[in-house]
Visitor: 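Let me begin by handing over the structure; questions about it come next.
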Amino acid sequence: MLRPGMRHLCASALLTTLAGCGDDGTGVVSATVGISTTTSTSQGTGDTQDPTGSTSVPTSSTTEASGVSDSSDTTTSTTSPVTSSTTDPSGTSTSTTDPSGTSTSTTDGPGTTDGTTDGTTTTSTTGPQPCAEDTLQCDGNVEKICDGMGGFKSETPCPEVCAEPLGCVACEPGTSKCDGDQVQVCNDQGEWVAGDSCDPLLGLTCDANFGQCVGACANLGTSYIGCEYYPVVTQQLNVFVGPANPYAVAVANTTANSATVTVHRGANQVAQQMVAANSVAVITLPWVTQLTGGTGPTVKVTDGAYRLRSTQPVTVYQFNPLNADVTNDASLMLPVNTWTGNYLAAAWTHWSPYPGFISITAHQDGTVVNVKAPKNGVPTQAGGGIDGQGNGNNITLDDGNVLQITSNTGGDPTGTIITANKPIQVLGGHDCTQVPIGTVACDHLEESMFPIEALAKKYIVAPPVQVPNNALEKAVIVRVVASEDNTTLTFTPDQPGNKVLAKAGDFLELAQSTNKYVVEADKKILVTEYMVGQGANYGTSDPAMLVAVPSEQFRSSYLFYAQTGWSANFVDIIAPNNSMVQVDGAAVNNFAAIGASGYSLAHVKLSNAGNGSHTVTSNNKVGISVYGVIDYGSYWYPGGLDLNVIPQ
């Protein structure tokens, strides 16, 4: 007699937990029950099997007081220590389960449970199965190899650590440790390899508790603020190169702590200076004549760049040259932690004998660079692995090496695509050129290129202000460069010109104007602006170059530098309408809407009374550009930006 609640075990509560409570396709019905055992006789003429091998249980039955349930298939069940199950030719099966939990079933002949039976006997055992032969397991620091029968072929104590599935290795993959100022990282093979170097010149030390570098310069985000930079001299007219007219960098300390700034060229230290908290220091550096001298050819210069390291986050701008002069420009330098291996470059047309140029700097030894000229090739002065059409493959640069590519008559490097297997820095510009060609006078151009990863599909274009009539604006020429084939452009309000750029590196040049507009594309683009020369009658100043910052990379605060030797310095601010913006703590109230873009523009004249350090703060993210002018001279650069990766 079954106890109350034990009836219909297979048909109800235990159906989901007992494999084989029903027909398994062999005509044998068997089950293992952990505590009680049953004897069951079934006529299996109505059972069916689902795709997993389980069988359906008759649902129509009557239960007698004795505990026997009847249905169209007759089932008799009693409780006993041992259950035997045998299927005779009529389809009746008897099952036997012994107290150890082993179930044995025997088929007498072809049954009718579901298909046919083959007369086989099956024995199964419950509990964990032994691991497969030769499987490696770790038991603490002991490496064990399974024999497939529940034991082990071998057991080997590991001298360091056991890590599955590797076995005895030097370290647990993914861990790290300190070896002096060097971080050691455990790779996927369980081997220690060199990781970051905790450079004391970056204010870093290795924390033994975490196995990583710590300090103000650790784990920097992706913006123009960083701790390690590579200032690099670019092409300049020989007459303006010398001690009286130095090349220099301005270092703005963005923190509340003093920073120690150290500059090397190769293994040689050339400068070290303390920069007070929230202030700017100007560091003059020797000219690198291999890069400035003459008008070409293309050259590869060992240790051509300077390596600048700071113990606190700073911003760096380079001036070529520092003093306000008639052939001058400046560049916002990008910290090493924002570099990538993918760039689209802009420069300017060769103006004989003066070349446009692209400057490429490596940070790591063994950097392999490939250069693809626009339009499958443009006239270029060959050298350094670059051919006469501006193309070059597998050019190797080591740390601090510079490849400076110079154009030839009829050439223009704008649209050149540069790729590398390790992060690089790219600048573009011109030795000295007219903008537009034929307009007096020539001026030096240079600007840092943003990685393709940081480029966007939408930019706001706005001109600078005129000097001395600050109520007027100065005309610019704008270039929009495609990063991919078949790029379609849209302007709001509309601007004249071809709206489809067929090939990566193709560009649309918009004629000089003071227009303000939004340019958008269906693929990432690079946008550059060029001040026209003084002979174009838009006030004082000669050509300068600016790489436009996409609105997606705007920031809400900036610390920047404007060299005080210029007749006038300005910061231009592009901000969402109704933003509250301050320059050096004073509210900006002269914003004018840029059409229906939702953005406004303000030109703010900067005081030359201080040390050149200035701030912009806002309740919204804004974009800024900084420029200075004299009679027949100028510089222009983005005051800063974020350099986040923007999806294509």
Side-chain angles (χ1 to χ4, degrees), residues 317 328-332 344-349 356 412-415 427-430 433-437 439 442-450 454-467 472-482 489 491-493 495-497 507-521 525-534 536 538-551 553-554 569-574 594-595 597 599 601-603 622-629 633-641:
Y317 308 86
N328 184 293
D329 208 351
S331 298
L332 168 70
L344 176 64
W348 191 254
T349 304
D412 187 338
T414 298
L427 278 74
H430 203 285
T433 190
Q434 297 175 339
V435 177
I437 300 298
T439 299
C442 91
D443 204 346
H444 174 74
L445 305 178
E446 68 169 54
E447 196 65 273
S448 293
M449 298 295 113
F450 307 150
L455 298 181
K457 302 177 185 178
K458 179 181 179 180
Y459 296 77
I460 302 164
V461 174
V465 73
Q466 280 193 31
V467 175
L472 300 176
E473 291 173 325
K474 187 176 184 71
V476 295
I477 290 176
V478 175
R479 285 181 169 183
V480 182
V481 193
L489 307 177
F491 295 89
T492 308
Q495 303 296 309
F507 63 88
L508 169 64
E509 181 174 303
L510 290 90
Q512 68 180 44
S513 76
T514 58
N515 295 342
K516 306 178 189 70
Y517 50 86
V518 176
V519 55
E520 296 180 85
I525 51 177
L526 171 68
V527 178
T528 54
E529 301 182 50
Y530 304 83
M531 285 187 192
V532 298
Q534 193 160 314
Y538 284 92
T540 297
S541 78
D542 262 346
M545 177 181 177
L546 174 76
V547 175
V549 176
S551 56
Q553 304 288 17
F554 285 3
N569 285 300
F570 291 85
V571 59
D572 283 359
I573 305 167
I574 297 175
I594 303 174
S597 67
Y599 287 84
L601 170 68
H603 306 291
V622 302
I624 69 171
S625 63
V626 181
Y627 53 99
V629 299
S634 63
Y635 74 90
W636 198 11
Y637 56 73
L641 74 159

Visitor: What is the distance from atom CH2 of Trp348 to atom CG of Asp412, rounded to the nearest 0.5 Å?
Guide: 8.0 Å
Visitor: Any chance you could measure Met531, atom CE, to Leu445, atom CG, to the nearest 0.5 Å?
Guide: 10.5 Å
Visitor: Yes or no on side chain to side chain contact (heavy atoms under 4.5 Å, CB included) for Tyr627 and Val465, after CA distance, side-chain angles and deciding distance?
Guide: CA-CA 10 Å; Tyr627 53 99; Val465 73; 3.2 Å; yes
Visitor: Mind checking whether Pro638 and Glu447 have side chains closer than 4.5 Å, heavy atoms only?
Guide: yes
Visitor: At their closest point, which heavy atom of Glu529 faces which heavy atom of Ala548, and how far apart are they?
Guide: OE2-CB, 4.3 Å
Visitor: Nearest 0.5 Å, please: how far is CD1 in Ile574 from CD1 in Ile594?
Guide: 5.0 Å
Visitor: Can Glu509 and Arg479 be counted as an ion pair, charged N to O under 4.0 angstrom?
Guide: yes
Visitor: Could you report the tightest heavy-atom contact between Gly415 and Val481, atom names first, then the distance?
Guide: CA-CG1, 3.9 Å
Visitor: Could you report the tightest heavy-atom contact between Gly497 and Leu508, atom names first, then the distance?
Guide: CA-CD1, 3.9 Å
Visitor: Report yes if the side chains of Trp636 and Val476 come closer than 4.5 Å at any heavy-atom pair, otherwise no.
Guide: yes
Visitor: Quick one, Leu601 with Glu473, criterion side chain to side chain contact (heavy atoms under 4.5 Å, CB included). Give me CA distance, side-chain angles, the key distance, then yes/no.
Guide: CA-CA 12 Å; Leu601 170 68; Glu473 291 173 325; 3.7 Å; yes
Visitor: Report yes if the side chains of Tyr599 and Ser551 come closer than 4.5 Å at any heavy-atom pair, otherwise no.
Guide: yes
Visitor: Is there side-chain contact between Val626 and Tyr317, with heavy atoms separated by less than 4.5 Å?
Guide: no
Visitor: Within the 4.5 Å heavy-atom criterion, are Pro436 and Gln434 side-chain neighbours or not?
Guide: no
Visitor: Once you round to the nearest 0.5 Å, how far does OG1 of Thr540 lie from CD of Gln466?
Guide: 8.5 Å
Visitor: Ala346: which residues meet the side-chain contact (heavy atoms from CB on, under 4.5 Å) condition with it, sequence neighbours left out?
Guide: Thr414, Met449, Leu526, Thr528, Tyr530, Met545
Visitor: Distance check, rounded to the nearest 0.5 Å: His430 atom NE2 versus Asp443 atom CG?
Guide: 11.5 Å
Visitor: Under 3.5 Å, is there a donor-acceptor pair between the side chain of Asp542 and the main chain of Gly533?
Guide: no
Visitor: How far apart are the closest heavy atoms of Ser597 and Val518, and which atoms are they?
Guide: CB-CG2, 3.5 Å
Visitor: For Phe491, what residues pass the ring pair (Phe, Tyr, Trp, His ring centres under 6.0 Å) criterion, not counting sequence neighbours?
Guide: Tyr517
Visitor: Over all heavy atoms of both residues, which pair between Ser331 and Glu446 is shortest? Give the atoms and the distance, please.
Guide: OG-OE2, 2.7 Å
Visitor: Can you tell me if Gln534 uses its side chain to pair, donor with acceptor, with the backbone of Ser541 under 3.5 Å?
Guide: yes
Visitor: Taking all heavy atoms of Ala330 and all of Tyr637, pick out the closest pair and write down the distance.
Guide: CB-CD2, 3.5 Å
Visitor: For the pair Ser634 (side chain) and Val629 (backbone), establish whether a donor and an acceptor sit closer than 3.5 Å, ignoring hydrogens and angles.
Guide: no
Visitor: With rounding to the nearest 0.5 Å, note down the distance linking OG in Ser448 to CG in Leu332.
Guide: 6.0 Å
Visitor: Is any side-chain heavy atom of Val478 less than 4.5 Å from a side-chain heavy atom of Val527?
Guide: yes
Visitor: Let's go through Glu520 and Lys458 carefully: what are the C-alpha distance in whole Å and the side-chain angles of both, what is the deciding distance for side chain to side chain contact (heavy atoms under 4.5 Å, CB included) to 0.1 Å, and is it a yes or a no?
Guide: CA-CA 4 Å; Glu520 296 180 85; Lys458 179 181 179 180; 3.8 Å; yes
Visitor: Between Tyr635 and Asn569, is any side-chain donor less than 3.5 angstrom from a side-chain acceptor?
Guide: yes
Visitor: Report yes or no: does Tyr459 contribute a side-chain atom to a donor-acceptor pair with the main-chain N or O of Ile525 at less than 3.5 Å?
Guide: yes
Visitor: Could you point out which residue of Val519, Leu510, Val480 forms a side-chain contact (heavy atoms from CB on, under 4.5 Å) with Val461?
Guide: Val519
Visitor: Judged by atom type as modelled, is there a donor-acceptor pair below 3.5 Å linking the side chain of Gln512 to the main-chain atoms of Val532?
Guide: no
